[in-house]
Amino acid sequence: DKGNYRHFMLKEIYEQPTVVGQTIATMVDPLHGTTTLPEFPFDLAAIERVTIIACGTSFYAGMVAKYWLEQMARINVEVDIASEFRYREAVMPPGGLAIFISQSGETADTLAALRYAKSQGQHILTIVNVPQSSMERESDIVLQTHAGPEVGVASTKAFTCQLSVLACLSIAVAKARGKIDHAEEERLVNALTEVPARMAEVLNHDEAIEALADDMSKARDVIYLGRGPEYPIAMEGALKLKEISYIHAEGYAAGEMKHGPIALIDELVPIIVIAPTGRLFEKTVSNMQEVIARKGRVIFITDEEGSQANGHDAEATIALPMLDEFVTPLLYAIPVQLLSYHVAVAKGTDVDQPRNLAKSVTVE
Ligand code: M6R
């Protein structure tokens, strides 16, 4: 049931403060500022290496987790798409942790990759949304996302719930490895529990985002730029736009622009720059300025401070609420979802059932 929403996708975007809140609540104790993951059937502290495998949007959640795990838990992380991983005969020293991320739990390539990792003596952890899935049955431990049924082919709430689980897991691994003390754990948990309320505020920007859609719907190509954990968000934004609006889009690491893609920039190409304030802000802003100097039309997605500092540089600026840098990917996922949704509506495509796509890809 779509309720009062025009499409399932929009309803699912709006459910995010609730379902992300529910997912986080299953894995943290906000009172004591600790994570409360279920007991693992193996020793987390003994893990030396993590491999994360998924497809599509779930893969981008995995890419974000690589930044988190490396930075907080100081552990070696590899991320790959399942269709490549399953055939490339990866070397996996026994005892490693292999994490599989899937909304459906039925994606054929991800399942095959899981079986390969198992054959290589890895501990298998899956993050799935649909209960009792094939992947769940073949795992050593399952962390469930509580997004509820996701009907729109374009994944939205499942993605932010995956990020929520991965954020909790990253804190837990960091703790198990002795890389963070309790004060730091508490700070991270607090940042995470603040997310649902900030997400609700982000949804208040819906009209401002919708106002950009008409113009963008006329574009032939769109480029999304981000750095660090916002780089996967740029890729996710581009994927969302491609799949429901059929506009060619690419997500790029902002710093990679000058190595080729900047040649694409002219006044016809909208560029979405995703840059919360923090460690990488100045770097991304300087990439934005390079694009503006080449007549690129920039939509700048930042926070209130970022908007004050550089909002005037861009053609349009969306200023999100301030939030701890750690959890910004959860928040910045929403404006790119809304943007692709409104562009698709402006183009008149079938938002919930885009051409050539299936919700669950159970064949190779
Ligand atoms: O069910 P899964 O998470 O394994 O699905 C993976 C991809 O097929 C999926 O994320 C796809 O990319 C979405 N349509 C993206 O919106």
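Numbering of ligands and ligand atoms starts at 1, following listing order. Model, not experiment: these values are computed from the prediction.
- Ligand 1 lies out of reach of Ser360, whose nearest heavy atom is not under 4.0 Å from it.
- For atom 16 (O) of ligand 1, the nearest protein heavy atom (residue, atom name, distance) is Glu243 OE2, 2.2 Å.
- The contact set between ligand 1 and Ala154, taken as ligand atoms under 4.0 Å from a residue heavy atom, comprises 16 (O).
- For atom 7 (C) of ligand 1, the nearest protein heavy atom (residue, atom name, distance) is Cys55 O, 3.7 Å.
- Under 4.0 Å from ligand 1, the heavy atoms of Lys240 that appear belong solely to its side chain.
- Remark: Glu304 CD is packed, more than 12 non-hydrogen atoms of other residues, nucleotides or ligands lying under 6.0 Å away.
- Heavy-atom neighbours of Glu201 CD from other residues, nucleotides or ligands within 6.0 Å: above the threshold of 12.
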* Give the intermediate values and the outcome of side-chain contact (heavy atoms from CB on, under 4.5 Å) for residues Gln16 and Val202. => CA-CA 11 Å; Gln16 288 177 107; Val202 171; over 6 Å; no
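- Ligand 1 has no atom lying under 4.0 Å from any heavy atom of Glu106.
- Within a 6.0 Å radius of CG in Asn4, other residues, nucleotides and ligands contribute 12 heavy atoms or fewer.
- The pair Glu138-Arg115 meets the salt-bridge criterion, with a side-chain N (NZ, NE, NH1 or NH2) lying under 4.0 Å from an Asp/Glu carboxylate O.
- Listed by atom number, the atoms of ligand 1 under 4.0 Å from Ser102 heavy atoms are 1 (O), 2 (P), 3 (O), 4 (O).
- The closest donor-acceptor contact from the side chain of Glu325 to the backbone of Arg279 lies under 3.5 Å.
- Ligand 1 has an N or O atom lying under 3.5 Å from an N or O atom of Ser58, backbone or side chain.
- Using a cut-off of 4.0 Å between Lys/Arg side-chain N and Asp/Glu carboxylate O, Lys175 and Glu184 are scored as not salt-bridged.
- Nearest protein heavy-atom neighbour of atom 8 (O) of ligand 1: Val361 CG2, 4.1 Å.
- For Glu207, the CD atom sits in a loose shell: 12 or fewer heavy atoms of surrounding residues, nucleotides or ligands are nearer than 6.0 Å.
- Taking any N or O of Thr110, backbone or side chain, none lies under 3.5 Å from an N or O belonging to ligand 1.
- At a 3.5 angstrom cut-off on N or O pairs, Gln162 does not count as close to ligand 1.
- Among protein heavy atoms, atom 11 (C) of ligand 1 sits closest to Thr57 N, 4.2 Å.
- Checked against the 6.0 Å centroid criterion, the rings of Tyr60 and Phe159 do not qualify as a close aromatic pair.
- Compare Val130, Thr107, Leu357 by their heavy atoms: the one nearest to atom 5 (O) of ligand 1 is in Thr107.
- Residue contact check for ligand 1: Val153 places a non-hydrogen atom closer than 4.0 Å to it.
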